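Reviewing the structure listed below.
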Amino acid sequence: MEHILTAFGDILFHPTVLLFLVFGVVVGLIVGALPGLNDTITLAVLIPITFAMDPKYAFMLLVGVYTSACYGGSIPAILLKIPGTASSVVTTLDGYPMTQRGESGKAIGISTTSSVFGGLSSSLVLMFLAPILASYALKFGPPEYFALAILGLSTVAGMSGDNVLKSLIVCVIGLIISTVGMSPQTGYPRYTFGNDYLLEGLPFVPMLIGLFGVTSVFEVAEGLKSRVKDGTFAKMTVPRIGKVLPDLAMVKRLLPTWITSSAIGNLIGVIPGAGMIMAIYMAYDQAIRANKDKKFGTGVPEGIAAPEAANNAVVASSMVPLMSLGVPGNSTSALFLGALMIQGLRPGPSLFQDAPEVAYIIIVGFFVANLIMGPVGILIAKFLSGIIFRIPRETLTAAIALLCVTGAFAVGNSIFNVWIMLIFGILGYVFNKLKLPHSPLILAVILGSMMERGLYQSMVLSKGSLMIFLTRPISLVMLAASVFFAGAPLFSMARNRLKKRAKRGAIS
Amino acid sequence: MKTWKVDIILAAALIVISVVSFSDSRNYPDIASHFPVRLSIVLGILALVLLVKSLIKRREEAMFTLTGEQFRVIVVVVAAVALYTTLLGHLGYLSSSFLLMIGMMTILGFRKKTVMVVTALCTVAVVYAAFNLILGVPLPQDFFMAK
Amino acid sequence: MLKRFGTALCVAVIIVALTGGGALAGTFPDKNLKIIVPFAPGGGVDVTCRMIAEVAPKHLNGKKIVVENMPGGGAVIGQTYVAKAKPDGYTILAYTSSVVSNPMTKKTSFTHTSYQPIAMYCFDPEILIVPAKSPYDSLKAFIEAAQKKEVSVATPGYSTSHHIASLILEDRLGVKFGYIHNQSAAMQVQQLLGGHVEAGMMAMGETTQYVKDGSLKALGLMIDVRNPDFSAIPTFKEEGIDLVWGAFRGLAVPKDTPADTVKALDEAFKNIVADPDFNDRMQKAGFPVVYRNASDFTAYVGVVAEKLGKILPTLKKQ
């Protein structure tokens, strides 16, 4: 406890340390908001700069960037339907419809408060519950990862609304895409057609840039050629973002969503390798279940609150396995590992003895960064939405196209990525035309390899017996939950149909 | 286009994909083939269900509308990005990006020439500065770039 | 206002871009060098290369080393890039064990002889490690168990040097392991700490903290003599298994690089690896510094390649 208080003092009473944190938050917001740049790239390029820095400054910078990047991603998701980072793909679903209604200010406000809520919750978890949750994370072995992947995929059913068949089709396509590259257990190259670039599978970030960024470029192009100027592309008169912060009634309304989503985010966050994407979809799915009366996808506040609280709840909690076990939870916390190593430190329990001041300042840094993120975020969001809608649509779209290609290239330093981006841009456009949902594709691509790996690893452990999934309690619970999640929507749909038929029967 | 017709085309395309995917993955050794083979079969089945469903239901309402002009502009945009990607490796980042900006604005119907050139120059400069000069992300070498 | 600012900015950027170029011909190096890391940022190879880059200017007439990541294809993309790069000594590859194993397990346009090794700066010996609660307390107990049943062994990935180490061990012991291949060492550690697997093959540097605090048990190191810092960990040799293996990290340039350039690089990296700042960082981060010069490194890689060639049938080309 005193270490925590000392760390608070170190941050708050040392202007330089605080300045680095604020600077990190601002940088994170900006890179998050630019499609194509994300926290991973930014941290990767910042790490060499941290070499010569005092570790306190270095980690405040990195913590700031990590904290705010996924919130920054929600800004273009809401304003332009282009998620700035992968973590805000779900935010587009309800965020953009609100912008179309001229409620972008309200949407930004919800995203901000939800992000801060989620972020604070996870920084508290990191501060006080890290050792307990780390031991929970260790209970996850191959069978649990398999079950977790199934659980994640089961949310597709809840989100598919009335089109289960098409969601399933998209889901299977996503799973097939996830098998591209070397097979995890045998190294055999699948669907690579002799191309070395495909050996590690299709690159995820360029895929997302394509699905959202490039697709939106196509749609703008199409809209500009449309004779009927519909609401979307006729000069959208976006009102000045006036009052942004939600009022007390809205806070009360969103509180349950915030709590559930933060809990999901934190639980998923501490499991190494599970990731933000899974958390946001599960949170969104839960929000749908809890608010059956609202039509999600049409600009429902909960639809923004759930993913935004969840993704920020993953941020600090993904540091739990790193700080308490030395195992990075995701690619971003792996970069923290790199940064610590460069400073001559090894994360894990020994860090708290070797360099407690660094360990605690990182932990407390997340808390303070979230507090800074709120106000700074609103300022930047207001500024951005002020200019974005003043730029002629043609120019803005061309600039977005440039950002997309640059970002896709930058992720893996390869032109091949730009081709992948273009292909998925076309695919995304076709998907939209055919009313095929994106979400199952993204989820399946992310979870497919986790599922396959978990399955075959488990089979090695159990010498081929499937019982391993049922005899391990966590795996069993998750599988049961997936049956319930997948089954419930189907069940209620069947019931509705029966009712309709019964009604029709009664009339005729 | 009418929904049921679109769905039939979609189903046909999916069946083709599942056949291609099945015939490729069938040859993978043992464990490597399990997942892809089963997935290809499931995809094929789902596509058949879609086919049958659209034939039975024959939903007549339009799935989407796309005028010839709109289709042409999409093709041109795709071609522009593809051309850009090809040029990127030869011309380098700055020149091809400038061309992309000019090209995109022209395609989208922007008509003020001077504004267009200035905007293109500035956008490329700012994006280049942000990625390469400030963040140090490597971009394809260009004649105009510092070595 | 905004527009004017933008114009000013872009003019500035163009001026910077134009004036920055143009190097004068002269002694090597007369411009910045580039190390291609064929992996994503943040891993051991990336971090150690950045440590090299940090101290490099002192030993390279003030020229810098820029670390560029070129991940993909199980490191094949970056390795191919350097193999095909202009052999002028300015493009250097982070040369690791996978340069030797990749051509044997994948279709590649290069082999390890497509490069001229410059310097090895790190050798991380292979360690056999088990969970703290494991019933195996010694290498002997582990071997006996493995001879009776299929022991599960976690690796950080198929065809990594750790997987190869286990294959060699299998071959020597005449046993069969149940492989749990992961995508990263992080997942491997998670499985070991959680006791989900019975054993793991790792690089010693990645395990020191866990061995120190007792959360994992080290059974044996594949080195010649016991490591003075970890004298409690026996070597495989002591159990009668003469097996020396580990992950090496080094640097190499394309094969056709002129001899005097290679000589200059050899000299420069000798000084870089000897730099106390570099050694200090490496030691603190747990990477054991072992230096070999260009000719020794070349010979060493040859030996590794030969060993690998022998077990090649088990890792069939696909």
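Labels below follow one simple rule: chain letters A, B, ... track the order of the sequence lines, proteins then strands, and each chain is numbered from 1. Being a predicted model, the structure only gives us computed values, none of them experimental.
For B:T3, no part lies near chain A; criterion is any non-hydrogen pair under 4.5 Å. Only the side chain of B:L10 comes within contact range of chain A, with at least one heavy atom under 4.5 Å from a heavy atom of that chain. Residue contact with chain A, scored on non-hydrogen atoms closer than 4.5 Å, involves the backbone and the side chain of B:S21 alike. Heavy-atom distances place the side chain of B:F131, and not its backbone, under 4.5 Å from chain A. Within the 4.5 angstrom heavy-atom criterion, atoms from both the backbone and the side chain of B:V124 approach chain A. Only the side chain of B:Y84 comes within less than 4.5 Å of a heavy atom in chain A; its backbone stays farther off. Both the backbone and the side chain of B:A82 come within contact range of chain A, each with at least one heavy atom under 4.5 Å from a heavy atom of that chain. Residue contact with chain A, scored on non-hydrogen atoms closer than 4.5 Å, is absent for B:T106. Looking at B:L14, only its side chain comes within 4.5 Å of chain A, counting heavy atoms on both sides. At a 4.5 Å heavy-atom cutoff, the contact between B:L139 and chain A is made by backbone and side-chain atoms alike. Only the side chain of B:V127 comes within contact range of chain A, judged by heavy atoms closer than 4.5 Å.
Between B:K53 atom NZ and B:R59 atom CZ the span is 8.0 Å, to the nearest 0.5 Å. How far CD1 of B:I102 is from CG of B:L121: 7.5 Å, rounded to the nearest 0.5 Å.
Note on A:V418, A:N413, A:I176: by heavy-atom pairs under 4.5 Å with chain B, the leading option is A:I176. Interface summary for chain B: among A:V405, A:V217, A:N432, A:I426, the most heavy-atom pairs under 4.5 angstrom belong to A:V405. Among B:L66, B:V42, B:I17, the residue making the largest number of heavy-atom pairs under 4.5 Å with chain A is B:L66.
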| task | Evaluate the side-chain hydrogen bond (donor to acceptor under 3.5 Å, both in side chains) criterion for residues A:Q457 and A:Y145: first the C-alpha distance (whole Å), next the side-chain angles of each, then the deciding distance (0.1 Å), finally the verdict. | result | CA-CA 10 Å; A:Q457 288 187 343; A:Y145 276 99; over 6 Å; no
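We find that B:E61 and A:K435 are not joined by a salt bridge, their nearest charged nitrogen and carboxylate oxygen being 4.0 Å or further apart. A salt bridge links B:D7 with A:K166; the closest basic N to acidic carboxylate O contact falls under 4.0 Å.
Each of A:L402, A:I400, A:T406 was scored for a side chain to side chain contact (heavy atoms under 4.5 Å, CB included) with A:C404, with one residue passing: A:I400.
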